[in-house]
Amino acid sequence: GAVVSQHPSRVICKSGTSVKIECRSLDFQATTMFWYRQFPKQSLMLMATSNEGSKATYEQGVEKDKFLINHASLTLSTLTVTSAHPEDSSFYICSARTLKAAFFGQGTRLTVV
Amino acid sequence: QQQVKQSPQSLIVQKGGISIINCAYENTAFDYFPWYQQFPGKGPALLIAIRPDVSEKKEGRFTISFNKSAKQFSLHIMDSQPGDSATYFCAATSSNTGKLIFGQGTTLQVKP
């Protein structure tokens, strides 16, 4: 299957700082990528759809000013958690689609202290 | 967003047994139904997927059964192994949006 690489896998940051997470499609181009959030022992919740060259589309209830998404190229989307707080601590996962299927990155464990 | 219901929440199966996980959806616009396997601390990995024009798809020990009229689909894991112990998610999407909507997940434990 296609490879989606996410970086970093783990990050700890101080409350009030910003954190950037990168998602790359390594062997295919993705005009659309998706960002999910997963709490412990829960399912994946779609946060936003990242569109190359245009603004991201956010799901209801997701603060677009807190979760900044940039899809600057066909192989890279970034999620920046701004002014992070402890309640933003979670597992963030990106996804990119080929014509056949959706593939996921390894996930990023964010801990805000 | 809760348009895919998955059961059971947890499942314990003996090695060599059959694991069965069920999902039901509401949105008739969904036209792609994948199953993902997730290990702790990792992203979901695609296992197998089906489109509504077929009623069954088999890949190795994994089989999806699909009932379009009932809007239900299930994953069968034959000859379950301890290495299959993981969380399994069903999902659904439509070609129009590409957004995957996930079920709640099933934690499978296969006992040796």
Side-chain angles (χ1 to χ4, degrees), chain A residues 1-11 21 23-26 30-52 56-62 71 77 90-111, chain B residues 1-11 21 23-25 27 30-51 53-54 57 59-60 62 64 85-109:
Chain A
V3 179
V4 176
S5 178
Q6 194 172 334
H7 179 80
S9 58
R10 289 178 174 271
V11 58
I21 303 169
C23 179
R24 295 180 184 272
S25 56
L26 296 186
T31 56
T32 303
M33 292 186 179
F34 301 90
W35 287 95
Y36 293 82
R37 183 174 182 176
Q38 187 178 32
F39 290 106
K41 299 189 185 301
Q42 293 191 22
S43 187
L44 287 79
M45 295 299 295
L46 179 64
M47 297 175 65
T49 302
S50 171
N51 303 298
E52 189 268 335
T57 305
Y58 292 82
E59 295 300 303
Q60 192 173 7
V62 177
H71 195 150
S77 175
S90 190
F91 193 52
Y92 293 88
I93 313 172
C94 70
S95 169
R97 289 184 60 85
T98 66
L99 288 176
K100 291 188 175 182
F103 297 92
F104 286 81
Q106 309 94 312
T108 297
R109 172 72 60 194
L110 170 63
T111 303
Chain B
Q1 208 182 54
Q2 186 59 16
Q3 300 178 47
V4 180
K5 294 184 179 180
Q6 183 173 345
S7 63
Q9 186 176 1
S10 63
L11 182 61
I21 305 170
C23 282
Y25 63 97
N27 190 341
F30 289 151
D31 57 8
Y32 178 72
F33 303 88
W35 284 89
Y36 288 87
Q37 179 189 57
Q38 186 180 32
F39 292 104
K42 304 294 183 183
L46 179 65
L47 261 182
I48 186 172
I50 197 168
R51 294 195 181 274
D53 52 345
V54 297
K57 183 174 182 180
E59 289 183 2
F62 302 94
I64 298 180
S85 297
T87 300
Y88 292 81
F89 291 97
C90 63
T93 186
S94 70
S95 301
N96 290 340
T97 68
K99 296 181 187 180
L100 276 173
I101 306 301
F102 283 85
Q104 298 90 326
T106 297
T107 301
L108 171 65
Q109 181 183 359

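Below, read A as the first sequence line, B as the second, and so on, with proteins coming before strands; counting in each chain starts at 1. No experiment lies behind these values; they were computed from the predicted model shown. Computed from heavy atoms alone, side chains included, the values below leave out hydrogens, waters and symmetry copies.
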### Query
If we only count heavy atoms from C-beta on, is the B:L100 to A:Y36 side-chain gap below 4.5 Å?
yes
### Message
Report which part of B:T93 has an atom under 4.5 Å of a heavy atom belonging to chain A: side chain, backbone, both, or neither.
### Response
side chain
### Message
Heavy-atom cut-off 4.5 Å, strictly under: side chain, backbone, both or neither for B:Q9 against chain A?
### Response
neither
### Task
Please state whether the side chain, the backbone, both or neither of B:P34 comes within less than 4.5 Å of a heavy atom of chain A.
neither
### Summary
When the 4.5 angstrom heavy-atom criterion is applied to B:L46 and chain A, the contacting part is side chain
### Message
So which atom in A:Q42 and which in B:F89 form the shortest heavy-atom distance, rounded to 0.1 Å?
### Response
O-CZ, 3.9 Å
### Message
I'd like to know if the side chain of A:S43 and the backbone of B:G103 have a donor-acceptor N/O pair within less than 3.5 Å.
### Response
yes
### Summary
Here the gap from A:L46 atom CG to B:I101 atom CD1, rounded to the nearest 0.5 Å, amounts to 6.0 Å
### Task
Give, as side chain, backbone, both or neither, the part of A:Q38 having an atom under 4.5 angstrom from any heavy atom of chain B.
side chain
#### Entry: Aromatic centroids of A:F34 and B:F102 separated by under 6.0 Å
no
### Residue A:T32 versus chain B: region with a heavy atom under 4.5 Å
neither
### Query
Do other residues, nucleotides or ligands put more than 12 heavy atoms under 6.0 Å from B:R51 CZ?
yes
### Query
Relative to chain B, which of A:A101, A:G107, A:C94 shows the most heavy atom pairs under 4.5 Å?
A:A101
### Query
Who among B:P40, B:G41, B:A91, B:A45 has the most heavy-atom pairs with chain A under 4.5 Å?
B:G41
